[in-house]
Amino acid sequence: MSVLPPQAPVPSPPGRSWRLLDVALRVAGGVVAVVGAVATGLLELILSTVRVSGTLVGASVPVVVLANVALSWFAHAAVGRRWAVVLPATPWFVLMGAAAIRTSEGDLLLAGDNWVGLAMIVAGAMTFAVMGFRQVLAPPPVRRDG
């Protein structure tokens, strides 16, 4: 008779097909985060020019904060890695940078004298920075097997 409590059998690791499905879903989630960042970035650029009675109203600023929080959260949840906030942040920053460069025809989406565009870029950058900082400082998840 043993004085030790009976040990539960060690669960076998998931099969190869489950691991491949997990990786495929994580990659698909990352792609959705990137596409979502491009789509919301374009929407924010469109909303940065909204005027009421000839005055800029800043409709894109709350949209950029909410969208970037949602995209950062989704990327982390879908990919399951702390660095996943980079997936939506990178195309968003590239899109905003491209919108601030004058084309050869003279077109410019975000001008330096447009307070809404500047506020949108600052708010979006700060949102991604805060979300990334929160992921870096978050304690590692506790695994509960069984």
Assigning hydrophobic clusters by single linkage (Ile, Leu, Val, Met, Phe, Trp, Tyr; side-chain heavy-atom cutoff under 4.5 Å), is [X] placed with [Y]?
X      : Y      : result
Val64  : Met96  : yes
Val31  : Trp83  : no
Phe93  : Val34  : no
Leu108 : Leu118 : no
Leu66  : Met120 : no

Please report the shortest heavy-atom distance between [X] and [Y], naming the atom on each side.
X      : Y      : value
Pro88  : Ala84  : CD-O, 3.3 Å
Ala123 : Val65  : CB-CG2, 3.9 Å
Val85  : Gly132 : CG1-CA, 3.8 Å

(Q) Considering only residues two or more places apart or on different chains, which pairs with a residue in residues 24-45 satisfy salt bridge (Lys or Arg N to Asp or Glu O under 4.0 Å)? (A) Asp22-Arg26

**Q.** Name of the residue among His76, Arg82, Arg81 meeting side-chain hydrogen bond (donor to acceptor under 3.5 Å, both in side chains) with Gln135
**A.** His76

Quick one: [atom1] on [X] to [atom2] on [Y], what's the gap to the nearest 0.5 Å?
X      : Y     : atom1 : atom2 : result
Leu45  : Leu47 : CG    : CG    : 9.0 Å
Leu20  : Leu25 : CG    : CG    : 11.0 Å
Thr40  : Leu95 : OG1   : CG    : 8.5 Å
Met126 : Asn68 : CE    : CG    : 12.5 Å

In residues 50-63, what donor-acceptor pairs under 3.5 Å come from side-chain atoms, sequence neighbours left out?
unit_1, atom_1, unit_2, atom_2, d
Arg51, NH1, Gly54, O, 3.3

Q) Would you find a donor on one side and an acceptor on the other, under 3.5 Å apart, between the side chain of Thr90 and the backbone of Leu87? A)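 No, Thr90 side chain to Leu87 backbone: no donor-acceptor pair under 3.5 Å.
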
**Q.** Given Phe133, Trp73, Trp92, the one that forms ring pair (Phe, Tyr, Trp, His ring centres under 6.0 Å) with Phe128
**A.** Trp92

